[in-house]
Colleague: 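Quick one: structure below, then a few questions.
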Amino acid sequence: MTARYWAPLLLALLVGVAQAGPRVESWQTSRGAKVMYVQAPDLPMVDVRVVFDAGSARDGGLAGLARFVNNTLNEGAGDWDADNLALRFEDHGIEFGHGSLRDMAWVSLRSLTDPAVLEVALDTTAAVLAAPRFDKEAVERVRQQMQIGLRSSLQSPGRIAERRFYRALYGDHPYAHAPDGDDTSLAGISRDDLVGFHQRYYVAANAVVAIVGAVDRALAEQIAERITGGLPIGQHAGPLPPPPVVSGGELREDFPSSQTHIYLGQAGMARHDPDYYALYVGNHVLGGGSLVSTLGEEVRNKRGLSYSVSSFFSPMQVEGPFLIVAQTKNAKADETLRVMRETLARFVSDGPSEQDLEAAKSNLIGGFPLRISSNGKIIEYLAMMGFYDYPLDYLETLTGKLAAVSVAQVRDAFSRRIGGPAGIAVVVGGNG
Amino acid sequence: MVSAVLFRSPLIGLLLVSLPAVAQVSEFRLDNGMQVIVKEDHRAPVAVSQVWYKVGSSYEPDGITGISHALEHMMFKGTEKVGAGEFSRIVSALGGSENAFTSRDYTAYFETLAVEHLERALELEADRMRNLLLDPDDFAKEIAVVKEERRLRTEDRPSGQVSEQFNAVAWRASPYRNPIIGWMNDLDHMTVDDLAAWYRRWYAPNNATLVVVGDVQPEAVRAMAERHFGPLPASEPLPIKPAFEPRQSGETRVEVRVPARQPYLLMGYKAPTVGKSEQPWEPYALFVLANVLDGGDSARLARDLVRGRGIAASASAEYGIYSRLSEMFLLAGTPTDGHSVAELEQALRAEVARLREGLIDQAELRRVVTQAVASKVFQADSLFYQAMEIGSLETIGLDWHLIETEIDALKAVTPEQVRQVAQRYLVDDNLTVATLHPLPIDEKAPRKPAVQGVRDDS
C-alpha cells in the first residue's frame with residue numbers, strides 16, 4: 001500500500017489540545033510506582049503500560065545496553081522460559097509488547113477483561129518486569145538480533161543521517177548515541193551489565209503504570225499492585241546532565257543511494273520548557289502540519305523536491321532536538337538544502353502570518369477529540385503525562401494554552417531559540 | 001464492565017469471550033448507484049469518512065503502471081470550486097486529518113474529524129469525484145514527488161528491491177506482477193492526459209463506496225450523502241477484463257544483488273482467497289496455517305527457527321484471506337550470522353513439509369482461534385480499522401458481512417483441513433523464491449549500476 005504522505009510518526013511529541021478530556025486519576029502503589037488511570041467502559045478490554053526511566057540515556061558508556069535489557073525481558077522470566085512466556089500470553093489472546101527510546105523503556109499489555117485472562121496477563125507481566133532470567137542463550141540470541149537489526153538499519157541513508165545528527169548535536173551527552181547501540185558496544189555488553197542495569201532501573205520508584213480500560217478504580221488499583229508487585233522499591237533514575245553547547249556546521253557523507261537524505265536542525269526544547277506552546281504551535285505552521293505547512297508548500301508542493309518533508313521538536317527530559325528532514329534525488333540535494341534553510345530563516349525572521357497561525361491553532365484545537373478517541377490513543381497520553389510529570393488537568397487545559405499563543409510569541413520564541421549559526425546540516429547520499 | 005475482587009484460581013483453557021454487541025450497521029444505495037455503509041460507534045464525538053474506488057494497480061494495463069497512485073496524488077490539486085491544496089487546508093482548519101492510499105485493488109480517501117464537520121468532508125469528496133482540474137503544471141511537480149516516493153521506498157531499500165523483483169517473476173500474467181507505485185519508466189512517460197482518461201473512467205458514484213464510522217445517525221448520513229453525492233451523474237459501466245494467471249508448473253527463483261549489509265529471503269506459494277477457492281473453508285485453513293507458523297512468539301517459526309535452532313534472526317509468514325485476484329502465501333526471513341540464506345530456505349521448506357505430512361496440534365488450533373477472538377475485540381477500539389474492514393471488502397467485490405462470520409469459519413477448521421491445504425497449495429511447483437545477496441556498500445562508488453534497465457523503445 002502506498003500513500004500520499006507519511007504521517008510523521010517519529011516523535012513522542014504528543015500534541016494535545018483540550019475541551020473536556022477524559023477523567024484522569026492518579027495514585028501511588030504501595031511500593032511507590034506512580035499510576036495514571038482512565039476508565040473506558042465500552043469495550044471488554046484493558047491496556048496497561050509500564051514505563052521506566054530506563055532509556056538509552058542511562059546506557060552509561062555501553063551504547064545499546066538499555067535496549068538490550070528491554071529486548072531480553074520476555075526471553076525467560078521467573079519459572080518460565082521464552083517458549084512458556086509466549087504461550088501464556090498467546091494462548092489467552094493477550095498482546096504483549098515492549099520498547100525503548102532515549103528517555104523511556106516500557107512494556108505494554110492489551111488484554112480482555114475476562115478475569116481468568118487478566119489473571120494470566122498480570123502474573124506473567126509481573127514476572128517479566130521483576131524476574132527476567134537473562135539466560136546465557138537468550139542473551140546471545142538477542143545480542144545477535146540487535147547486531148543484525150543494526151546492520152539492516154545502516155542500509156538506510158536516512159538512518160545514518162539521523163545517527164550522525166544526534167552525534168554532532170550532543171557530543172558526549174547521553175543523548176548522543178543511538179538507542180540501538182553500535183557494533184563494538186553490543187559485542188562488549190556482558191550478562192552482568194544487563195543484570196546490573198535491570199536491578200538499578202527496573203524499580204518501583206522509577207516506574208509509571210498507565211491503565212485504560214473497562215476496569216473500575218478498585219480493580220485498576222489491584223492491577224497496578226500486581227504488575228509492579230515484584231519490583232524492589234529502589235530509587236528514581238535522577239536528572240540528566242544538560243546538553244553541551246555545540247557549534248553548527250555541515251557534515252556530508254557518501255552513500256550509494258539514488259536519494260540524498262537531509263537532516264537540518266539544532267537544540268530544541270525540553271518538556272516543561274517555558275516556550276513550549278509558542279514553539280509547538282509555531283512549528284505546526286512551519287512543518288508540523290503534514291503537507292499543510294510552509295515547508296510542505298515550499299519543498300514539495302511548489303518544487304516537487306521531496307516526497308516527505310517535515311519539521312518537529314522532540315521535547316525530552318532535557319533539551320531534545322529541533323529537526324527538519326527531507327530526502328531528494330542526488331542531483332537536487334543542494335537545492336533542497338537551500339530551500340529548507342531559506343524557508344526556516346524566513347520563518348524565524350518574519351514569524352507566521354496571522355492567518356496561518358489561526359489555521360494551525362484551529363487544526364490543533366479542533367482536532368483534540370480525535371486525539372483521545374480510542375483507548376490506544378489515551379494510553380499513550382497517560383504514559384507520557386505520568387513519565388514527564390504533567391498535572392492531571394493537562395488534557396483539559398491544553399486547548400486553552402494553545403488558543404492563547406500569539407504571532408508575537410511565536411516570532412519571539414523562534415528568534416531567541418532557533419536559527420543562526422547553531423544549525424547543523426547532515427547530508428547523506430549518493431554522488432551519481 | 002468488570003469490577004474488582006477477581007483473581008481467583010487461574011483458569012486456563014479455551015476462552016469463552018462474548019464479542020461486544022454487534023454494532024449497528026446501515027446500508028443503502030443512492031439512485032446513481034453509489035453505495036453507502038454507516039457503522040455507528042458512539043464512544044467519542046468523532047467520525048471517519050472513507051470513499052473507496054474500485055481501481056488500483058491491478059486494473060492498470062502495461063505502459064501506465066502506477067497511474068492509480070499518481071492520480072491519488074493529483075486528487076489534492078484542486079477542482080473548479082476548491083483550489084490546489086485547498087482541500088487539505090479546509091480539512092485541517094476543521095481540526096481534521098486526511099490522506100489517501102492506493103493498493104492493488106482499491107484507491108481510498110479518508111477524513112477523520114469531529115462529527116459536526118462530517119458533512120463538509122462529504123461535500124469536498126463529492127466535489128472531487130467528478131470535478132478534478134488536473135492542471136499540467138501541478139502534474140509536472142507532483143509526478144516528481146511520486147518518483148521521489150519510489151526512490152525512497154524501492155530504489156534505495158534492499159527489501160523493496162526484493163519484493164518488486166519477486167512479484168515481477170512470481171506472476172506470469174496477473175496484474176499483481178506490477179508495483180503499485182509503477183515502474184520508473186512508466187512514471188517518466190506518464191502524461192496528464194493519461195490521468196484525465198483514467199479519472200473519467202473510474203471516478204464515478206457507481207464505482208464508489210462511502211463508509212462512515214463514528215458517532216453518527218444513519219438517516220442523517222443518508223441525507224448528507226444524497227445532498228452531495230446524489231446529484232453526481234453515473235458513468236457508463238466499463239467492466240474490466242478478467243485477469244488470468246496460468247498454472248505455475250515449476251519452482252521459480254530470482255536473485256537480487258544490490259549494495260546491502262544483510263541477506264534476506266522471500267518465498268511465496270500461490271494460494272486462493274475467500275471466494276476463489278475450490279472449497280469455501282480453504283482460505284480459513286490457510287489462515288490457521290499461517291498463524292501456526294507465525295501467530296506470535298509461541299508459534300513455530302519463532303520457537304523453532306529463531307530460538308530452537310537459531311537459524312533465523314527473524315522469520316515470518318503472511319497470508320490475507322481477502323483479495324480481488326488470487327494471492328500468495330508468503331514466508332520471509334533473515335538468517336543469523338553463521339547460517340546462510342540457503343540454510344534458512346531449507347529450514348522454512350522443512351516447516352512447510354511438516355505441515356503437509358503431519359497434523360497440527362489441537363492446542364495450536366485453539367490458540368489461533370483464541371487470538372482471533374481477542375483481536376476482534378481489540379480492533380473495535382479503532383474507528384479507522386472498522387471502516388477499512390468494510391470498505392476494502394466491498395471494493396474487492398466481497399460482501400462485508402463476511403467479517404461477521406470469520407470467527408465461526410475459523411472455529412470450524414480442522415487439523416486435517418490444514419494438512420489438506422498444505423498438500424494442495426504449499427508445494428514446490430507452486431513456489432517462487434527471491435534471495436537478496438548483499439554487495440559491499442562502497443560509499444565512494446557511483447550509484448548507477450553497470451547496466452541500466454533496458455527500454456525497448458530507445
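In what follows, every chain begins at residue 1, and chains take the letters A, B, ... in the order their sequences are listed.
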Colleague: Excluding sequence neighbours, so at least two apart, what forms salt bridge (Lys or Arg N to Asp or Glu O under 4.0 Å) with A/Glu75?
Modeller: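 If we apply the salt bridge (Lys or Arg N to Asp or Glu O under 4.0 Å) test to A/Glu75, skipping adjacent residues, the hits are A/Arg141.
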Colleague: Do side-chain atoms of B/Asp297 reach the backbone of A/Ala86 as a donor and acceptor pair under 3.5 angstrom?
Modeller: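 Not a single qualifying donor-acceptor pair exists.
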Colleague: Main chain of A/Lys329, side chain of B/Glu148: is a donor-acceptor contact present, judged purely on distance under 3.5 Å?
Modeller: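 Such a contact is found between B/Glu148 side chain and A/Lys329 backbone.
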Colleague: With sequence neighbours excluded, tell me which residues meet salt bridge (Lys or Arg N to Asp or Glu O under 4.0 Å) with B/Asp304.
Modeller: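 B/Asp304 satisfies salt bridge (Lys or Arg N to Asp or Glu O under 4.0 Å) with B/Arg354 once adjacent residues are dropped.
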Colleague: Look up atom OG1 in A/Thr328 and atom CG in B/Leu152, then write down how far apart they are to the nearest 0.5 Å.
Modeller: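 A/Thr328 atom OG1 to B/Leu152 atom CG measures 11.0 Å (nearest 0.5 Å).
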Colleague: Which bit of B/Ala299 comes within less than 4.5 Å of chain A, counting heavy atoms only: side chain, backbone, both or neither?
Modeller: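 It is the backbone, since no side chain atom gets that close.
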Colleague: Quick one: pull up CD in A/Gln259 and CG in B/Asp156 and give me the separation to the nearest 0.5 Å.
Modeller: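 With rounding to 0.5 Å, CD (A/Gln259) is 5.5 Å from CG (B/Asp156).
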Colleague: Counting distance only, does the side-chain N/O of A/Asn363 pair as donor-acceptor with the main-chain N or O of B/Leu94 below 3.5 Å?
Modeller: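 Not a single qualifying donor-acceptor pair exists.
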Colleague: Measure the shortest side-chain to side-chain distance between A/Phe89 and B/Gln371 over non-hydrogen atoms and say whether it is less than 4.5 angstrom.
Modeller: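 Sidechains of B/Gln371 and A/Phe89: no contact.
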Colleague: Against chain B, label A/Glu137 side chain, backbone, both or neither, depending on which of its atoms sit under 4.5 Å from a heavy atom there.
Modeller: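 Side chain of A/Glu137 only, per the 4.5 Å heavy-atom cut-off to chain B.
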Colleague: Looking at B/Asp337, is its backbone amide N or carbonyl O close enough to the side chain of A/Gln144 to form a donor-acceptor pair, meaning the two atoms are under 3.5 Å apart?
Modeller: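 Yes: the side chain of A/Gln144 pairs with the backbone of B/Asp337.
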Colleague: Any idea which heavy atoms bring B/Ala374 and A/Gly93 closest together, and the distance?
Modeller: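 Closest approach of B/Ala374 to A/Gly93, heavy atoms only: CB-O, 3.4 Å.
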Colleague: Output the distance between atom NE2 (B/His73) and atom CZ (A/Arg300), rounded to the nearest 0.5 Å.
Modeller: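 If I round to the nearest 0.5 Å, the distance is 5.5 Å.
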Colleague: Within the structure provided, determine whether A/Leu150 and B/Gln262 are in side-chain contact (heavy-atom separation under 4.5 Å).
Modeller: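 They are not in side-chain contact.
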Colleague: Answer with side chain, backbone, both or neither: which region of A/Leu85 has an atom nearer than 4.5 Å to a non-hydrogen atom of chain B?
Modeller: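 The answer is neither part of A/Leu85.
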Colleague: Regarding B/Asp381 and A/Lys377, does a basic nitrogen lie under 4.0 Å from an acidic carboxylate oxygen?
Modeller: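 Looking at B/Asp381 and A/Lys377, the cut-off is not met.
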Colleague: By a 4.5 Å heavy-atom criterion (distance strictly below it), what part of B/Val306 contacts chain A: side chain, backbone, both, or neither?
Modeller: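 Contact with chain A is through both the backbone and side chain of B/Val306.
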Colleague: If you count heavy-atom pairs under 4.5 Å with chain B, which of A/Pro157, A/Ser111, A/Ser156, A/Gly149 comes out on top?
Modeller: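 Most heavy-atom pairs under 4.5 Å with chain B: A/Ser111.
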Colleague: With chain A, which of B/Ala44, B/Ala302, B/Gly296 has the greatest number of heavy-atom pairs at distances under 4.5 Å?
Modeller: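 When all of B/Ala44, B/Ala302, B/Gly296 are compared, B/Gly296 has the most.
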Colleague: Relative to chain A, which segment of B/Ser382 carries a heavy atom at a distance below 4.5 Å: side chain, backbone, both, or neither?
Modeller: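 Neither part.
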Colleague: By a 4.5 Å heavy-atom criterion (distance strictly below it), what part of B/Lys147 contacts chain A: side chain, backbone, both, or neither?
Modeller: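 Contact with chain A is absent: no heavy atom of B/Lys147 under 4.5 Å.
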Colleague: If you count heavy-atom pairs under 4.5 Å with chain A, which of B/Ala312, B/Ser57, B/Ser298 comes out on top?
Modeller: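 Option with the top pair count is B/Ser298.
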Colleague: Looking only at heavy atoms, what is the nearest atom pair of B/Ala313 and A/Gln145, with distance?
Modeller: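 Looks like O-NE2, 3.5 Å.
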Colleague: Between B/Thr370 and A/Asp91, is any pair of side-chain heavy atoms under 4.5 Å apart?
Modeller: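 B/Thr370 vs A/Asp91: side chains apart.
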Colleague: Could you measure the distance from the CZ atom of B/Phe378 to the CG atom of A/Asp47? Nearest 0.5 Å is fine.
Modeller: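 Between B/Phe378 CZ and A/Asp47 CG, I get 8.0 Å after rounding to 0.5 Å.
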Colleague: Is there side-chain contact between B/Leu383 and A/Ser374, with heavy atoms separated by less than 4.5 Å?
Modeller: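 A side-chain contact under 4.5 Å is absent here.
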Colleague: For B/Ala93, which atoms come within 4.5 Å of any heavy atom of chain A: side chain, backbone, both, or neither?
Modeller: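 For B/Ala93, the contact with chain A is made by backbone and side chain together.
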Colleague: With rounding to the nearest 0.5 Å, note down the distance linking CD in A/Gln355 to CZ in B/Arg89.
Modeller: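 Those atoms lie 9.0 Å apart.
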Colleague: Evaluate side chain to side chain donor-acceptor pair (under 3.5 Å) for B/Arg153 paired with A/Tyr307, printing each intermediate quantity in order.
Modeller: CA-CA 10 Å; B/Arg153 293 178 188 279; A/Tyr307 170 60; 3.2 Å; yes
Colleague: Examine whether an atom of B/Pro440 lies under 4.5 Å from a heavy atom of chain A, and if so say whether it belongs to the side chain, the backbone or both; otherwise answer neither.
Modeller: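 Interface part for B/Pro440: neither.
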Colleague: Report the distance from atom OG of A/Ser306 to atom CZ of B/Arg151, rounding to the nearest 0.5 Å.
Modeller: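 A/Ser306 OG to B/Arg151 CZ: 11.0 Å, rounded to 0.5 Å.
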Colleague: Determine whether a donor-acceptor pair (N or O, by modelled atom type, separation under 3.5 Å) exists between the side chain of A/Gln155 and the backbone of B/Ala260.
Modeller: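 No; judged by distance alone, with no hydrogens or angles, the pair does not exist.
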Colleague: Out of B/Arg303, B/Arg307, B/Arg43, B/Lys141, return the one with the most heavy atom pairs under 4.5 angstrom to chain A.
Modeller: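 With the most close heavy-atom pairs to chain A, the winner is B/Arg307.
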